[in-house]
Amino acid sequence: MFRKTYSSITLSVIFSTISLSAAEVMGATEVENIQYDQETGSLDKKFENYTTVGNIQAKQGTINVTFEKGGVVQGSITSHQETWTTRSGTNNIVFKSSDIGQKNQILGDIYLIKGINHITMEGKNEIFGNIKVNTYGYRAQNSLLLKGESSQLGKSDKKINLFAQSNSQDKPRFNRLKFSSKTNTLYIDKIEAYFSGSQSDYSNTISLDGSNNTVTINTLKASGNYAVNAIGKNILTGEQASALTENTNNISFVDDTNAFEGVLQVGSISSSNGGKNNISYKASANILATTMEGKEGEKEEGKVIATQNAIIGSLALNNDEATKAKNLLKTAISGNNNLYLDLSKNTDFADVNNLIKNEANLSQTLDQESLLSKTQAVILGNIDNQDRGTNNIKIVGGSSKATDMMKMGEEVATNDHIKIGLVGNITTNGGSNNLIFENSIWLPSYLSGNENSSSFPLPPNLSGTLINRNNGTTNIVLRTSSATLNN
């Protein structure tokens, strides 16, 4: 097999003409691509002023880069990409705060087939590229520590992907992201973990330790034994990117021990073949941000104001001909999942009275489509455990002072702390589904299916159906909060 040999340090500094980022002066300039390719040794680069570079690639050995007053990486951060060799390198990159108000930015992908990336960012930080470790039988580790005033992944109109995949049985491959900034904003299209071997430590872990967090994820997926996605607070320890490790000390995804606080929206959660998803979340007092000023339904520049309908799931209708007659909504949660969703501090998300009440007078005919569009629930969509999986889900409601935009009737004193925990059906195929509704309820089928009800004319296939197959077990607890009920 052909192999390259190296008898001395090879340092390749390449110059090319590219377009600058928005953080730089308009126009074009020459930027430095930093590359190192020697089995031993290191390359050290320190930039004393705010600096823009191109790609950073340690094919072998170690690259140490420090941006003393902040900077921009316009290209990718990676290691050796060829699969015919186990050679790989380590990139240690530190962005310090800018003293002129500039943002630290990574515009390209943070991508590994093999190798290690340790990235620390301080100040105002932005990452607009994907973060990936891909299939190959060797170690691949991305560890990112973001701290300071603010940190952002992706954009609302250009979300990133977080991806960890392996077919190795003994080499750790993971993405670890620790957000210690005061404000953290994450726009993610897909978080996916895949593994086909028999070893642990193949995962995507996000620790949100700041006080103001906003997280939007379209798809959360784990497939294969030891493929794990985890999102919470203080679930990673370490004060340096190179020292980030998973917190194994009393970590919990079934109560608020490791719950991050802020705003969370996840379109769907699924796992298969032994994979698992873990989320621990506590909603802020106010989570219903709008896209622009004004009232719901008003149009401006082609946009319509929309509020958040769910923490997990959405009002997207099921278009599968084989299942839509029984399930109006799509599947929100499937497989093996541990989810703690706490709205006990929240005051603006709809409560049970806001949902059941409506705006129509007794002499008016209700617009079912309009009523459904205003439905809010912690989980909107169906729940299943796929094939003998286990779902452990706890939903905690709380007091609600609904805004005029979301109220469907006059505010009612009774039950105003009860949230709609689930609008959807539950299917248990072997294994188990375990759900605790604390100060929250599961919208029952007898309400949604009551077509003669003038106060609640929702479709009968919307919610409330429970199906057990193959000796599956469904455990459902509905209770009010109590000092003696902590779990």
Check: D255 main-chain N/O paired with D342 side-chain donor or acceptor under 3.5 Å: no
Shortest non-hydrogen contact between M121 and Q105, atoms and distance: CE-N, 4.2 Å
Nearest-0.5 Å distance, NZ of residue K59 to OG of residue S88: 13.0 Å
Steps toward side chain to side chain contact (heavy atoms under 4.5 Å, CB included) verdict (I231, L264): CA-CA 11 Å; I231 304 172; L264 174 66; 5.8 Å; no
Over 12 foreign heavy atoms within 6.0 Å of CG, D320: yes
Y281 and F260 aromatic ring geometry - parallel, tilted or perpendicular at 30°/60° bounds: tilted
Heavy-atom side-chain proximity of I418 to I441 below 4.5 angstrom: yes
Donor-acceptor side-chain pairing of S252 and T257 below 3.5 angstrom: no
Closest heavy-atom pair and its distance - N229, A193: OD1-CB, 3.5 Å
Heavy-atom check, side chain of N338 versus side chain of K276, under 4.5 Å: yes
Spacing of Q152 atom CD and N125 atom CG [to the nearest 0.5 Å]: 10.5 Å
Within 45° cone of F128 ring axis and under 6.0 Å: K155 NZ or CZ: yes
Contacts of type salt bridge (Lys or Arg N to Asp or Glu O under 4.0 Å), residue D109, not counting sequence neighbours: none
D256 to K282 - nearest heavy-atom pair and separation: OD2-NZ, 3.4 Å
By salt bridge (Lys or Arg N to Asp or Glu O under 4.0 Å) - contacts of K233 (at least two apart): none
Check: I311 main-chain N/O paired with Q265 side-chain donor or acceptor under 3.5 Å: no
NZ/NE/NH1/NH2 to OD/OE distance under 4.0 Å, E122 and K96: no
Passing candidate, side chain to side chain donor-acceptor pair (under 3.5 Å) with N184, options T214, N212, N213: N213
No-hydrogen, no-angle side-chain donor-acceptor test under 3.5 Å, N258 and S280: no
Any donor-acceptor N/O pair, N142 side chain to K132 backbone, under 3.5 Å: yes
Steps toward side chain to side chain contact (heavy atoms under 4.5 Å, CB included) verdict (S271, N337): CA-CA 7 Å; S271 65; N337 306 285; 4.1 Å; yes
Shortest non-hydrogen contact between I160 and I127, atoms and distance: CG2-O, 4.3 Å
Donor-acceptor contact below 3.5 Å, side chain S207 vs main chain I235: yes
Heavy-atom side-chain proximity of K221 to K190 below 4.5 angstrom: no
Side chain proximity check, I287 to F349, heavy atoms < 4.5 angstrom: yes
Pairs involving residues 379-390, ordered by first then second residue, that meet side-chain hydrogen bond (donor to acceptor under 3.5 Å, both in side chains) (sequence neighbours left out): S334-D384
Residue list, ring-ring contact (aromatic ring centres under 6.0 Å, His included) with F253, at least two apart or on another chain: none
For E239, all residues meeting side-chain contact (heavy atoms from CB on, under 4.5 Å), sequence neighbours excluded: none
Listed partners of A310 passing side-chain contact (heavy atoms from CB on, under 4.5 Å), at least two apart: L380
Between CG on residue L144 and CD1 on residue I131, distance to nearest 0.5 Å: 5.0 Å
Donor-acceptor pair, side chain of N104 and main chain of S97, under 3.5 angstrom: no
Check: T219 main-chain N/O paired with S268 side-chain donor or acceptor under 3.5 Å: no
Ion pair D189/K159, N-O distance below 4.0 Å: no
From I119 atom CD1 to L145 atom CG, the distance as rounded to the nearest 0.5 Å: 11.0 Å
Audit row: Y340, V254, side chain to side chain contact (heavy atoms under 4.5 Å, CB included) steps and yes/no: CA-CA 5 Å; Y340 177 78; V254 295; 5.7 Å; no
Any donor-acceptor pair under 3.5 Å from R176 side chain to L244 backbone: yes
Pair S223-S272, side-chain hydrogen bond (donor to acceptor under 3.5 Å, both in side chains): steps then yes or no: CA-CA 5 Å; S223 178; S272 60; 3.2 Å; yes
Considering all heavy atoms, the nearest W442-S463 contact: NE1-OG, 3.5 Å
Close side-chain approach of I206 and F179, heavy atoms under 4.5 Å: yes
Parallel, tilted or perpendicular, as decided by the 30° and 60° cut-offs, for the rings of Y226 and F195: perpendicular
Point-to-point distance, once rounded to the nearest 0.5 Å, from CG of N391 to CG of N277: 9.5 Å
S181 versus S150, side-chain donor and acceptor atoms under 3.5 Å: no
Non-hydrogen side-chain atoms of I426 and L435 separated by less than 4.5 Å: yes
Non-hydrogen side-chain atoms of L112 and N117 separated by less than 4.5 Å: yes
Contact check, side chains of N429 and R469, non-hydrogen atoms, under 4.5 Å: yes
Side chain to side chain contact (heavy atoms under 4.5 Å, CB included) assessment of N425 paired with T427: CA-CA 7 Å; N425 301 316; T427 300; 5.5 Å; no
Value rounded to 0.5 Å, distance of CD1 in I191 from CG in L162: 5.5 Å
Backbone N/O of N161 and side chain of N130: donor-acceptor pair under 3.5 Å: yes
Heavy-atom pair of closest approach, residues S76 and N55: N-OD1, 2.8 Å
Any donor-acceptor N/O pair, N346 side chain to D348 backbone, under 3.5 Å: yes
